[in-house]
Amino acid sequence: MKRIIHKIYTSVVSICLLLGAISCDTEDFLENDNKSILTDLTQWQSEANADIFINDVYSEIPRISTLAEQLDYYTDDYNISHYYTASNWRQGICQAPASSNGSPWGGSYGPTNGYTWQSFFVKLRKCNTGIQKLEENQGNFSEEYYNKRIDELRFLRAYFYSEYFVHVGGLPILTVPLDRNTMSEEEMLTPRATFEETFDFITGELGEIVDNANLEVKYDNGNVDAGRATLGAALALKGWVELFAASPLFNSGSAYLPDPENFVHFANSDVGRWATAAATNKKFIDEYSGTYDLFDDLPNLWRASNEYNSEIIWDRQIVANIGGMGTNYERRGGPTYVLGQYMTWGNYNPTQELIDEFSMANGKRITDPTSGYDPQNPYVDREQRFYDFIVYDGAPYKLDWMPTTDTIYTRIDETYVNPDKTNQIDLAGSTDVGDSGYYQKKRLNPDNSPGNDASGQNDVFYRYAEVLLNYAEAQNEFAGPDQSVYDAINRIRDRSDLPPLPAGLTKDEMRNAIHSERRVELCFENKRYLDNKRLQQQEQTMGVPRHNMVIRNTAPSDNSGIWVYSVEEEVKYTARFELRQYMSPIPQNVIDQNPNVKQNPGY
């Protein structure tokens, strides 16, 4: 059900009514007995009224699928030739913006994934205000309601912190609303905390929420509270943040650039951080077994009809065909032309680098000479996720909204009378047709044709497969490839009909297997950028050109020859990566307004 979303809509209307009332004559407003208009006094007199405020805090969760610029644009998984911030970033252009804005159009400030300094502190203030008001009016609420809503707001605060922390590092730690009428200048001008202090705050909050056990472990589809924070979401988020921070970029004892105030790294290295991450993810696996599990039908995991299935841990509700509440994700990606009609902007173009990560159906990497891979027949006998996730040259393409199956060709066909009306590769990025020779199919809503607000599939942030991957990686880094590591990875492989990993892998071999499995399983879920970052491999992945699959006929005038598959470098941009790009910059106006906020290294 979409009850939380509808409540959020009601809260926004109520807030607008409140603002309208405030703008009227003050004396009339004070004498107004209209109970439909909430004041600060009436807002917290009942659980129903308090929920209007709290549900509005949920509305602050960015609707990732509606963003023009996906975080995957900043990775080696996508090849885009557009006018987004990512196009500058991939050329090494990244600098502190003059102000805290979030426009993706030609920006030069790096990725934010729907967050800016300004928007983050709006979210934070709402959380802190809600917590403060609940505490001040505790007598108006039942004990169960009070405990749940306090921990929900604490979770949302920790979640918002975690989402911005991964982009900028240490942040000012605020647990009460700032008030210039009652606070000193010193209290108002809060400095940035260190990386470690921010990490400790996030994980400490999440750990206490889990220990409090005030929230449900999980909500199922149809539950009136589906969409609210859960113990599962809190524990999964804690495990992810611990894995992120234990990784090489932050846990080496030395930063990628001089960082004397420790804003973007721990002051020391500690292998025990891997053990902590492993233990948290293992706790999730052990204690929530049976409540959370892998969903059998991976391609349909994101369908609206399958929301809150066994694999979904934390998501953001989306409602189709209600103004401003749906998503146009499908308009931005998928084949540009479907059944001869222009349908999408063709933004989501997987690179050859990603395609090469998909194994053969026999479980072997395509680089294995015994795998059976044929570079001139590259789409035969690949693993099932390849066919579920990728649209390739000659792929049959049939989503439920389509009346019949289409065949998508990305090859360069010189015999076609109007090449701009086909999906054949557009190497220069001059049209909406893709640049790489591939399109994305994963996460596209099969029920609705591309269109504004047509899709109601929820934004999924964390799912059970990621917990398994998080555990396997952390445990392998701390203890090596023991049986529990094999068990976690093989569960994911088994779902995709892949054989188990071979026995006897070394720690390094297992690390490579886990990273490859993670890249394939979580592709197009905005995970790759953070993995490239935390593993300190962006110099290798983003400082070099990405590649396309270019298919030409040896007799192009009439296609009487053979089709030749050629892996070629992208042609529009010169790839470059500067070390400072590992973290996004702090806006200059923030530093001007609060001299206690210092800039990130390199800016």
Is the distance between the ring centroids of Phe266 and Phe195 under 6.0 Å? yes
Gln536 (side chain) donor-acceptor with Lys533 (main chain) under 3.5 angstrom: no
Determine whether the aromatic ring centres of Tyr164 and Phe120 lie less than 6.0 Å apart. yes
Could you check whether Arg518 pairs with Glu466 (Lys NZ or Arg NE/NH1/NH2 to Asp/Glu carboxylate O, under 4.0 Å)? yes
Any salt bridge linking Arg528 with Asp76? Criterion: basic side-chain nitrogen under 4.0 Å from a carboxylate oxygen. yes
Can Arg385 and Glu517 be counted as an ion pair, charged N to O under 4.0 angstrom? yes
Glu578 and Arg580 ion-paired at < 4.0 Å: no
Check whether the side chains of Glu196 and Asn262 place a donor and an acceptor atom closer than 3.5 Å, and report yes or no. no
Pairwise side-chain contact, Arg463 with Glu525, heavy-atom cut-off 4.5 Å (strictly under): yes
Could you label the plane-to-plane angle of the Tyr161 and Phe201 rings as parallel, tilted or perpendicular, counting under 30° as parallel and over 60° as perpendicular? perpendicular
Under 6.0 Å between the ring centres of Tyr462 and Phe284? no
If you measure from the Lys or Arg side-chain nitrogens to the Asp or Glu carboxylate oxygens, is any gap between Asp293 and Arg491 under 4.0 Å? yes
Does any donor atom in the side chain of Asn526 or Asn113 lie under 3.5 Å from an acceptor atom in the other side chain? no
Taking NZ, NE, NH1 and NH2 as the nitrogens, is one of them in Glu205 or Arg157 under 4.0 Å from a carboxylate oxygen of the other? yes
So, are Arg365 and Glu357 salt-bridged, with charged N and O less than 4.0 Å apart? yes
Do the ring planes of Phe461 and Trp314 sit parallel (below 30°), tilted (30 to 60°) or perpendicular (above 60°)? tilted
Under the 3.5 angstrom rule, does the side chain of Thr116 hit a backbone N or O of Thr112 as a donor-acceptor pair? no
Using 4.0 Å as the upper bound for N to carboxylate O, is an ion pair formed by Arg519 and Asp531? no
Are Arg534 and Glu473 ion-paired here, with the side-chain N under 4.0 Å from a carboxylate O? yes
Would you say the rings of Phe244 and Phe250 are close, in the sense that their centroids are separated by under 6.0 Å? yes
Within a strict 4.5 Å, meaning less than it, do heavy atoms of the Tyr73 and Tyr348 side chains meet? yes
For the residue pair Tyr392 and Tyr379, is the inter-centroid distance of their aromatic rings smaller than 6.0 Å? yes
Please test Glu568 against His547 for side-chain hydrogen bond (donor to acceptor under 3.5 Å, both in side chains), starting from the C-alpha separation and ending with a verdict. CA-CA 5 Å; Glu568 301 179 8; His547 291 80; over 6 Å; no
Lys598 with Glu261: basic N within carboxylate O range, under 4.0 Å: no
Could you give the distance from CD (Gln457) to CZ (Arg443), rounded to the nearest 0.5 Å? 8.5 Å
Within 6.0 Å of CG in Asn268, more than 12 heavy atoms from elsewhere: yes
